[in-house]
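Accompanying notes for the structure given below.
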Amino acid sequence: MSRSEQTRYSIIIPMYNEEAVIQETYRRLKKVMNSTDENYELIFINDGSSDRSAEIIQDYAEWDESVKLIDFSRNFGHQIAITAGMDYSSGEAVIIIDADLQDPPELILSMIDKWREGYEVVYAKRIKRNGETWFKKWSAGVFYRILRASTEIPIPVDTGDFRLMDRKVCDEMKRLPENNRFVRGLVSWVGFRQTAIEYERDERLAGETKYPLKRMIKLCLDGITSFSYKPLKLAGYVGALLSGAGFLYLLYVIYLALFTDSVTKGWPSMISLMLIFNGFVLLMLGVLGEYVGRIYDETKGRPLYIVRNTYGGLQAREKASGTGKQLINHD
């Protein structure tokens, strides 16, 4: 491939049951990327959708050479889908955007301008979240601030995975093989010159959120356990504090028994304290289990994802990293 034919931009679009919106996503992305007048590729990752999302993109791939489809064998998760997109990308700049159109594709042009100025990571920072419940806004705010307070790596608050990365950043990301991935945290960890673009996040055009409370909690745990040991340190600090308090109370009981005629009372309060202390012990065992479970995941050595098939010319590309890809042949 000549220099003029090289892919300039790779757009990574993970999707899961986005049939109601995927055609509009394609239309808006094409309009934005055509305006750059440079070569680009749209890499859609079907994360085990049960609707017609993959079928629609497969139809586009048959006549639009810029469209590529990676079809997973099952649902592996949003963060893994992003990872697969990076593995298969070839552009000098790689842009991640969700298929639900809450993040406006038109902002990509501003990201490209910042990239041309010399920034190697350009991430979108939300200053307003339209169409979301108060609980979703509150929980997201709490999550980002807990993460910032818990980690040594400065992870920007109020940001998602919508961002542009230079090819060198993407290549470094492909060297990080951990299973429980927190992509936005990993991008902060690799460093390079980074900047933000502020925007108002739109209401979902159609369909329903793919990040219910259960997945949000897992993402939060992945972020904290991947970048911080502070929860484990907290167990030591609180344990020392409780032990000290218990020792002081023991001295108080001994003093009453030896030097006064008072009878030590308060067994209900003692039982309550024991329940509190034992509850804390079980809580910290749960925290420890989160770390041990993730170590267990890493030792299995399984691929991050399995690809059922690829469409749009991806079969001929062998540039995907071997750390995560497992391709099933149907020949």
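FYI, the numbering just counts along the sequence from 1. Quick caveat, the model's predicted, so the values are computed rather than measured.
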(request) Indicate the atoms forming the closest heavy-atom contact of Met86 with Ile12, along with that distance. (result) N-CD1, 3.3 Å

(request) Answer yes or no: is there a donor N or O on one side and an acceptor on the other, between the side chain of Asp51 and the main chain of Glu19, under 3.5 Å? (result) yes

(message) Using only atom types and a distance under 3.5 Å, with no angle test, would you say the side chain of Gln194 pairs donor to acceptor with the backbone of Val122?
(response) no

(message) Classify the ring geometry of Tyr26 against Phe44: parallel below 30°, tilted from 30° to 60°, perpendicular beyond 60°.
(response) tilted

(request) Measure from the side-chain N and O atoms of Thr25 to the backbone N and O of Ala99, and report whether any donor-acceptor pair falls under 3.5 Å. (result) yes

(message) Check Arg28 with Glu106, please: is the shortest side-chain N to carboxylate O separation under 4.0 Å?
(response) yes

(message) When you compare the side chain of Thr310 with that of Leu69, does any pair of heavy atoms fall below 4.5 Å?
(response) no

(message) Using side-chain heavy atoms (C-beta onward) and a distance below 4.5 Å, is Val183 in contact with Met173?
(response) yes

(message) Between Ile127 and Tyr199, is there a side-chain heavy-atom distance shorter than 4.5 Å?
(response) no

(message) To check you understand the geometry: which heavy-atom pair defines the closest contact between Ile57 and Met15, and what is its length?
(response) CG1-CE, 3.7 Å

(message) Do the side chains of Asp64 and Lys30 get close enough for a salt bridge, i.e. N-O under 4.0 angstrom?
(response) yes

(request) Compare every heavy atom of Lys68 with every heavy atom of Glu65, then report the nearest pair and how far apart it is. (result) O-NZ, 3.0 Å

(message) Quick check: closest heavy atoms across Glu120 and Phe192, and the distance to 0.1 Å?
(response) OE1-CB, 3.4 Å

(message) Test your reading of the model: is there a side-chain donor-acceptor pair from Asn75 to the backbone of Gly48, 3.5 Å cut-off?
(response) no

(message) Applying side chain to side chain donor-acceptor pair (under 3.5 Å) to Asn34 and Tyr40, what does each step give before you reach the verdict?
(response) CA-CA 9 Å; Asn34 284 340; Tyr40 64 90; 2.7 Å; yes

(request) Report yes if some heavy atom in the side chain of Arg184 is under 4.5 Å from a heavy atom in the side chain of Gln79; otherwise report no. (result) yes

(request) Start with the C-alpha gap between Thr83 and Arg181, add the side-chain angles, then the distance that decides, and say whether side chain to side chain donor-acceptor pair (under 3.5 Å) holds. (result) CA-CA 9 Å; Thr83 300; Arg181 302 178 73 79; 2.8 Å; yes

(message) Can you confirm if the aromatic rings of Tyr305 and Phe76 lie within a centre distance of less than 6.0 Å?
(response) no

(request) Could you list the residues that satisfy side-chain hydrogen bond (donor to acceptor under 3.5 Å, both in side chains) with Arg116, not counting sequence neighbours? (result) Tyr9, Glu38

(message) Tell me if a side-chain donor or acceptor on Asn17 pairs with a main-chain N or O of Ser49 at a distance below 3.5 Å.
(response) no

(message) Looking at Gln102, is its backbone amide N or carbonyl O close enough to the side chain of Asp100 to form a donor-acceptor pair, meaning the two atoms are under 3.5 Å apart?
(response) yes

(request) Could you go through the side chain to side chain donor-acceptor pair (under 3.5 Å) check for Tyr119 and Asp166 one step at a time? (result) CA-CA 8 Å; Tyr119 291 100; Asp166 187 84; over 6 Å; no

(request) Indicate yes or no: does Glu92 engage Arg167 in a salt bridge with an N to O separation below 4.0 Å. (result) no

